[in-house]
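Lettering follows sequence order; numbering is per chain, from 1.
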There are 2 protein chains.
Amino acid sequence: MTSGDQLKSLGLKVTGPRRKILSLFEDTDRSHLSAEDVYKTLLSEHEDVGLATVYRVLTQFEQAGILTRHRFDNDKAVYELNKGNHHDHLLCIQCGRVEEFYDPEIERRQKKIAADRGFRIHDHSLYLYVECLREDCPHRRHDGDAGEEES
Amino acid sequence: MTSGDQLKSLGLKVTGPRRKILSLFEDTDRSHLSAEDVYKTLLSEHEDVGLATVYRVLTQFEQAGILTRHRFDNDKAVYELNKGNHHDHLLCIQCGRVEEFYDPEIERRQKKIAADRGFRIHDHSLYLYVECLREDCPHRRHDGDAGEEES
DNA sequence: TTTTGTGCAAAGGCTTTGCAGTAAC
DNA sequence: GTTACTGCAAAGCCTTTGCACAAAA
């Protein structure tokens, strides 16, 4: 199924901005993108899309279940492609690196803790803030960030 | 140790706003308060404190380790008294209720997951979003919220 | 043609900051 | 008397919204 078909099947018109944003998420190696990341990336590719449109499309995609939105600690919201595989996140507070993990036992305990109190888990990633053990954090700072690297 | 002594021992001048805000957290049954909650509560007690001061004091208290700041999903930041007891949070997406929990096994797994990838856990509460199982959520909506109940 | 989407600029919500007056030490 | 703190209003940051134009169906 092409991006276009996927959009149609959701009742969304197939427009330039929507197609470009969707492919951006499908192609990029950077799995978690903010509205500004998307905006700047499109600009750098000479795609003329307004920031407001980016916000609107990201919101629509989230509501359509294509993307998942995250609010990591202090930062702006970021989105990732929703592949249907529930997972949690490991966030390096030093380099901003994001890794995913899944631990069946943690899932089980969560469910039990909630159930014991009369609640049901609402699907949502856990955010696990960590710091790198080495002083020179070996992880690159945002692989190819579209953010604040002014020469 | 009085609130005043506690402030002095942190190198902070003992001022009206600081004392009032600190006692608010010590006395209230509502453990998690936003800046606006604090501001409105003080107003309702005829304490004349500016919102900017509330923000500044909350930030100072957090940096001093008196308070812990949380950013639950979409909401504004909330603070709770830092009693030194690490715990995680259960957040009802229906009624806004906040419960605390601590699960040694989850702690253990977190540590292991991080260590296996060369990270060390940075102390931070886990947020577990849940919904109540009964349709008529039995939990009151924000015990005595200082928020949006305009008659 | 009808409907939905888009860009721009303006506005919104939460938080921070500049500044001159004020209180703590 | 100094220095730190406060209140107010203004500004900042991220995000949303109003509106007229443009593109999709």
Side-chain angles (χ1 to χ4, degrees), chain A residues 2-22 24 32-40 42-43 46-64 66-67 69-79 145-148 150, chain B residues 2-22 24 32-40 42-43 46-64 66-67 69-79 145-148 150:
Chain A
T2 70
S3 302
D5 293 335
Q6 189 173 355
L7 291 175
K8 271 187 212 149
S9 73
L10 289 160
L12 296 172
K13 281 189 181 173
V14 180
T15 67
R18 297 221 253 245
R19 220 171 1 202
K20 290 168 200 159
I21 293 176
L22 183 48
L24 210 176
H32 297 78
L33 300 173
S34 68
E36 208 191 334
D37 289 338
V38 172
Y39 178 61
K40 289 199 173 162
L42 293 182
L43 280 197
H46 310 293
E47 303 289 4
D48 206 3
V49 178
L51 181 53
T53 299
V54 171
Y55 274 105
R56 276 185 292 234
V57 170
L58 291 177
T59 302
Q60 293 161 345
F61 283 4
E62 193 209 356
Q63 287 167 353
I66 302 178
L67 296 178
R69 177 187 165 124
H70 295 287
R71 278 302 289 259
F72 301 143
D73 229 18
N74 278 312
D75 280 319
K76 35 197 132 174
V78 295
Y79 294 81
D145 189 303
E148 37 280 351
E150 317 303 79
Chain B
T2 69
S3 302
D5 294 335
Q6 187 173 358
L7 290 174
K8 271 186 211 151
S9 72
L10 290 161
L12 295 173
K13 280 189 182 174
V14 180
T15 66
R18 297 221 252 245
R19 219 170 3 201
K20 289 169 202 159
I21 293 176
L22 183 48
L24 208 178
H32 299 78
L33 301 173
S34 69
E36 208 190 334
D37 290 337
V38 171
Y39 178 63
K40 289 200 175 161
L42 292 182
L43 279 196
H46 310 294
E47 304 286 2
D48 205 2
V49 178
L51 180 55
T53 299
V54 171
Y55 274 104
R56 275 185 293 233
V57 170
L58 291 176
T59 302
Q60 293 159 347
F61 283 4
E62 193 209 357
Q63 286 167 352
I66 301 177
L67 296 178
R69 178 185 164 126
H70 294 289
R71 280 298 291 254
F72 300 143
D73 229 19
N74 278 311
D75 279 320
K76 36 196 132 174
V78 295
Y79 293 82
D145 189 302
E148 38 279 352
E150 317 303 77

### Query
How close do B:F61 and B:R18 get, heavy atom to heavy atom, and via which atoms?
CZ-O, 3.7 Å

### Query
So, for A:L67 and A:L58, which heavy atoms are closest and what is the spacing to 0.1 Å?
CD1-CD2, 3.6 Å

### Minimum heavy-atom distance A:P17-A:V49, with the two atoms named
CB-CG1, 4.2 Å

Any N/O pairs under 3.5 Å between the protein and nucleotides 4-6 of chain D? List them or say none.
unit_1	atom_1	unit_2	atom_2	d
D:dA4	O4'	B:K13	NZ	2.9
D:dC5	OP1	B:R18	NH2	2.2
D:dC5	O5'	B:R18	NH2	3.4
D:dT6	OP1	B:T15	OG1	2.6

### Task
Rounded off to whole Å, could you give me the CD1-to-P distance for the A:I21 and C:dG7 pair?
9 Å

### Query
Rounded to the nearest 0.5 Å, what separation is found between the NE2 atom of A:H70 and the CG atom of B:D73?
10.0 Å

### Query
B:D73 CG to D:dT15 P: how many Å, rounded?
13 Å

### Query
Once you round it to whole Å, what is the distance between P of C:dT15 and CG of B:L51?
9 Å

#### Entry: Residue whose nearest DNA chain C nucleotide is more 5′ - B:R69 or B:R19
B:R69

#### Entry: Distance below 4.0 Å between B:Y55 side-chain N/O and C:dT15 OP1 or OP2
yes

### Task
Find the distance B:E47:CD to D:dG7:C1' and express it as a whole number of Å.
15 Å

### Query
What is the distance, rounded to the nearest whole Å, between atom CG of B:L43 and atom P of D:dC8?
10 Å

#### Entry: Protein-nucleotide distance (A:L7, atom CG; C:dT4, atom P), rounded to Å
16 Å

### Query
Which whole-number value in Å describes the distance from A:Y39 OH to D:dC14 C1'?
14 Å

### Task
Walk me through it: do B:R69 and B:E62 pass the test salt bridge (charged side-chain N to carboxylate O under 4.0 Å, His left out)?
CA-CA 7 Å; B:R69 178 185 164 126; B:E62 193 209 357; 5.1 Å; no

### Query
For the pair made of CG in B:L58 and P in C:dT17, what is the distance, rounded to whole Å?
15 Å

### Message
Ignoring hydrogens, what is the shortest heavy-atom contact between A:G50 and A:Y39? Give both atom names and the distance.
### Response
C-CE1, 3.9 Å

